[in-house]
Amino acid sequence: MRQFDLAPLYRSTVGFDRLFSALDQYVAADPAPTYPPYNIERTGENAYRITVAVAGFTEADLSIEVKENALTLKGERTPDANNPVTFLHQGIAARAFERRFQLADYVQVTGAALENGLLHIDLVREIPEAKKPRHIQIATGRGSAAPAIEGKVKQAA
């Protein structure tokens, strides 16, 4: 496994602590789990969709939680006590899982739908007006100079 020393970056940057912490976390993390399989799609300029294959799970077996830029998807299939099943072969995995997705700033979950064994989670990035780029007019010539502050100046005696 490769080791990366991020110390020089810590010394020369300000305000990127969260980014470096995330990099440290991903470098030191265990191998990523592969169950359940998922896709991440870009459906628009600021719209995304996560599609997770959850065959055999119902809405009651799944939970979605968003907390501090982290989307957590949990699934735990509960056996039906009224209808016990004895498998001769079980090829469809239905084990409990927990999958986390790190969301960028201003990304919000707008909805989730379960259809045909696929869980679709829709996300949108909504940047506040104060954070959006804005055009600054450049003043030119004498006629558009900034207004002067007028007042009397006291002379020292």
Side-chain angles (χ1 to χ4, degrees), residues 1-78 93-154:
M1 185 171 135
R2 295 180 179 165
Q3 294 292 328
F4 296 100
D5 182 20
L6 300 176
L9 295 174
Y10 281 115
R11 291 191 298 264
S12 63
T13 59
V14 176
F16 290 92
D17 303 343
R18 206 169 103 209
L19 172 68
F20 295 138
S21 296
L23 287 172
D24 284 337
Q25 178 184 7
Y26 291 126
V27 169
D30 295 330
T34 58
Y35 179 79
Y38 66 93
N39 293 336
I40 300 176
E41 310 165 43
R42 186 175 194 160
T43 58
E45 185 177 337
N46 289 315
Y48 304 90
R49 174 178 269 189
I50 299 173
T51 303
V52 184
V54 289
F57 288 87
T58 65
E59 292 93 348
D61 298 333
L62 300 169
S63 75
I64 301 170
E65 180 180 288
V66 178
K67 183 179 179 185
E68 297 178 5
N69 292 0
L71 170 68
T72 304
L73 173 62
K74 294 180 185 178
E76 187 170 357
R77 192 167 168 202
T78 54
R95 60 184 179 263
F97 66 88
E98 181 175 330
R99 179 157 308 262
R100 296 181 193 272
F101 298 94
Q102 194 69 31
L103 302 178
D105 290 339
Y106 312 116
V107 173
Q108 303 293 322
V109 176
T110 59
L114 181 63
E115 59 182 47
N116 300 327
L118 297 175
L119 176 65
H120 302 287
I121 303 170
D122 294 316
L123 306 124
V124 66
R125 179 178 31 203
E126 296 175 349
I127 301 173
E129 285 297 320
K131 299 288 184 178
K132 287 184 179 177
R134 55 191 172 110
H135 183 70
I136 307 299
Q137 197 69 12
I138 300 173
T140 58
R142 292 183 206 159
S144 60
I149 299 175
E150 296 184 18
K152 294 183 180 181
V153 178
K154 285 188 173 181

Of all heavy-atom pairs between Pro36 and Ala53, which one has the smallest distance, and what is that distance?
CB-O, 3.2 Å
Closest contact, heavy atoms only, Phe57 versus Arg95
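Looking at all heavy atoms of both residues, the closest pair is CZ-O, 3.5 Å.
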Distance from [X] atom [atom1] to [Y] atom [atom2], nearest 0.5 Å?
X      : Y      : atom1 : atom2 : answer
Glu45  : Arg125 : CD    : CZ    : 8.0 Å
Asn69  : Tyr106 : CG    : OH    : 9.5 Å
His120 : Ile50  : NE2   : CD1   : 12.5 Å

Do the non-hydrogen side-chain atoms of [X] and [Y] ever get within less than 4.5 Å of each other?
X      : Y      : result
Leu119 : Tyr38  : no
Phe97  : Leu62  : yes
Asn46  : Glu126 : no

Those residues at least two apart in sequence (or on a different chain) that pass side chain to side chain contact (heavy atoms under 4.5 Å, CB included) with Ala96 are Glu76
Go through the structure and list residues passing side chain to side chain contact (heavy atoms under 4.5 Å, CB included) with Val109, not counting sequence neighbours.
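Testing Val109 for side chain to side chain contact (heavy atoms under 4.5 Å, CB included), a comparison that skips the adjacent residues, returns Val66, Leu71, Ile121, Leu123.
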As a test of understanding, state which of Asp122, Thr110, Thr43 forms a side-chain hydrogen bond (donor to acceptor under 3.5 Å, both in side chains) with Arg49.
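When side-chain hydrogen bond (donor to acceptor under 3.5 Å, both in side chains) is applied between Arg49 and each of Asp122, Thr110, Thr43, only Asp122 qualifies.
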Distance-only, no hydrogens or angles: does the [X] side chain make a donor-acceptor pair with backbone N or O of [Y] under 3.5 Å?
X      : Y     : answer
Thr51  : Asn39 : no
Arg100 : Ala70 : no
Arg77  : Gly56 : yes

